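A quick write-up on the structure given underneath.
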There are 2 protein chains.
Amino acid sequence: MEDSAQRGPDAAAGRGRAALIEDGVEFDGRDAALLRAVDAAGSVAGAASELGRSRARALSRIDALEEAYGTLVERRRGGEGGGGSRLTASGRGILGRYDRLQAVLAATATVPETVLDGAVTAIDGELAVVDTAVGEVSGLHGGTGSDDGGDESGGGSDLAVGDAVQVRIGADAVTVNDAANVVDPDATSARNRLAGRVSGIDPGETVSTVRIAVEATDGSAPGDAAAEVAALITAESIERLGLAPGDPVSIRWKATATRLVPHAE
Amino acid sequence: MEDSAQRGPDAAAGRGRAALIEDGVEFDGRDAALLRAVDAAGSVAGAASELGRSRARALSRIDALEEAYGTLVERRRGGEGGGGSRLTASGRGILGRYDRLQAVLAATATVPETVLDGAVTAIDGELAVVDTAVGEVSGLHGGTGSDDGGDESGGGSDLAVGDAVQVRIGADAVTVNDAANVVDPDATSARNRLAGRVSGIDPGETVSTVRIAVEATDGSAPGDAAAEVAALITAESIERLGLAPGDPVSIRWKATATRLVPHAE
DNA sequence: CACCGTTGTATCTATGACGATACAACGGAG
DNA sequence: CTCCGTTGTATCGTCATAGATACAACGGTG
C-alpha cells in the first residue's frame, strides 16, 4: 500500500476530533457545549446542572479559557434572579470558529480524496511543483501550525527539491469540464489540468463521486490509467455535462487547493 | 459582530489541534511521534528513550491504540539484537491519515475564509440552497461526524428550510475568471457564480489573497458591496489575468466546496 | 430587614495517564 | 552453555483534571 504511486480515491479519511488551541489552552467540544449551555440557561450554574457536571469546575474551566482567549462570559452576581451569565461577542465568536473548524473536519472525513505520491521538482515560495505519475502538479506546502503534544509531524514546514511528498487533492476541489468544450486556460485561475476518462460514478442522493482515470505522462503504460482522481459533482452537473463511464473529460483544480504532505520513507 | 450578513475575509481560523478518533481512542501527534520513532529506531525501547518517555508506558499506549485501530506495530522479542519492532502496513497507513488530517487543519488555519450569514431556502439531499446578501448560494451540509466529548456542535446533522446558517467558503476553493472572457456555464461543474470587482490584493510570496467586492442582489445598496469574498490566487495567475483593484471579475466555486454551518441565534 | 439564586473560593477525594523501577520471558550470537 | 537487548508485565508514586461539598459575597425582591 505504500509502494505504488497511485492510491486512488479513498473512501474517507476517518473520524477525527478537532480543537482550537491558543496559548496552550485547548478549546474542544466539551467547552463548546459548556458555552452553548451557558447561552441557553443564562447562568453557569444552570448550564452545569444541565450538562450534569460540577458547577465549580465549570467556573474554573471558564476562567482558564478566558485567560487564553479573553473574556468569553459576562458574569454578574446578585440582583434579579440572583445574578446570571451571558456570552460576550468574543464568546460567540469562538463558538463560530469552533463550528467552522468542525465543519471542515467533518468535510475531510466525508469527502473522498486523491493521494498521489511524487517528488518535489521545484519550490517557489509557498508553491511547489511535484512530479507524479500523471505529470507535474503544483500545490501549496507549509503552514504546518501543528503544535500539539508530539514532535513535528512529517518533517516540519520545510520542503526541499527532491523530497518525497504526497499530493492531496480533495474531491470537492476538482472541477470537471467537458473535453470537447475546452476553456481558454488564460481566462481562469485554475492551474492544474489533466485529461482523462470517466471510469466510474458513485451515486449519492444529489451529490456523486466521479472517478476519472488519468493516463501517465511518460509512455510507460500506454492504455493503462496511472491514477484515478475523484471529483465531487452534483447530480445536476453530471446530467448537464452528460457524464457517463468512458466519456473523455478535462479535469482541473487550483494549485492553492492542493496540499503537499511530507512523506518520509 | 454577530449581526451583519457580511463578515468578509477572515485572516485565519486560528490554530487548532486534530486527532483521529476511533472507538473512543484518540490518535494524536504524540502517538504519531511514537510510531515514527519506532519506525526510525526499529524498537519500542529505542523509540521511548529517543523521545525521553517511559518504555513501559509506550508499550501500553501501543496496546491501547491497537485495540482500537488494529495491529500497528509488529513486535518480536528475542533473536538478533534481542528483538525489535516494525510498523505494519496499517501502522504506516494511520500515520498517513494523520498527516493528511494535519495538512487539512494547517490549511484551514492558513487559508482565509469567507463567511456569509443566510437562511436555508431549499434542501435537496446533501445539498442546500441558502439565501444570502449576495443571492442564492448552494452548498453541502451534514456529515457532522464530530463525536468528541461534548454534545452535538451546532444542532446536529439535520437542517431544515428556514434555518439560519453560516456559509463557509474557503479562499482556496474560489476561482477567479476574467469578466470579459466568460466561460460557458454548461461546460463546467462549478455551480456558484458571482460578478464583482477586485477591491484589494494582499500579496504573498507566490500566492496572494484577492478580495472581491460583490454587490447585493436585491437593489438595497446600489453601489455598495454586500460582501467581500476572498480568493487565493497564485501570483502567476494574477499576472496572467492582469488583475488590479477595480477590475471587474467573475468568481466561481463549486457547491461541493461550500460548507454550511448551523448557526443558532 | 430577611430571602433567594447566583457568582466566587477553598478543600477533599477519585480517577486516569504517565514516569520510574523491577523482574520474567524470549531467542539468536558468541 | 552464557550473554545480550528486546519484549512482556506488574507495582508504586506523581501529576493534572474533574467531581463533591461547603461557605462567603453579592444585590435585587419582597
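Note on naming: letters A, B, ... go to the chains in the order of the sequence lines (proteins, then strands), and numbering restarts at 1 for each one. Predicted model only: the values in this text are computed from it and were never measured.
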Using a 3.5 Å distance criterion without hydrogens, assess whether the side chain of [X] forms a donor-acceptor pair with backbone atoms of [Y].
{"X": "A:Thr121", "Y": "A:Val129", "value": "yes"}
{"X": "B:His141", "Y": "B:Glu126", "value": "yes"}
{"X": "A:Tyr69", "Y": "A:Val25", "value": "yes"}
{"X": "A:Tyr98", "Y": "A:Gly29", "value": "yes"}

Do the non-hydrogen side-chain atoms of [X] and [Y] ever get within less than 4.5 Å of each other?
{"X": "B:Leu140", "Y": "B:Arg259", "value": "yes"}
{"X": "A:Asp39", "Y": "A:Arg92", "value": "yes"}
{"X": "B:Arg168", "Y": "B:Thr258", "value": "no"}

Without placing hydrogens or testing angles, list every side-chain donor-acceptor pair under 3.5 Å for residues 48-60 of chain B, not counting sequence neighbours.
{"from": "B:Ser54", "atom 1": "OG", "to": "B:Ala56", "atom 2": "N", "distance (Å)": "3.4"}
{"from": "B:Ser54", "atom 1": "OG", "to": "B:Arg57", "atom 2": "N", "distance (Å)": "3.2"}
{"from": "B:Ser60", "atom 1": "OG", "to": "B:Arg57", "atom 2": "O", "distance (Å)": "3.0"}

For DNA chain D, which residues in residues 60-80 of chain B have a heavy atom at a distance below 4.0 Å?
B:Arg75, B:Arg76, B:Arg77, B:Gly78

Going by the rule salt bridge (Lys or Arg N to Asp or Glu O under 4.0 Å), which residues pair with B:Arg77 if we only count those two or more places apart in sequence or in a different chain?
none

Tell me every residue that passes salt bridge (Lys or Arg N to Asp or Glu O under 4.0 Å) with A:Arg61, counting only those two or more places apart in sequence or in another chain.
A:Asp31

Between the protein and nucleotides 10-13 of chain C, which nitrogen or oxygen pairs come in under 3.5 angstrom?
none

Going 5' to 3' along DNA chain D, which nucleotides are the first and last within contact of chain A (any atom under 4.0 Å from a heavy atom)?
D:dA18 to D:dG28

Upstream residue (5' side of DNA chain D) when B:Gly83 and A:Ala58 are each assigned their closest nucleotide:
B:Gly83

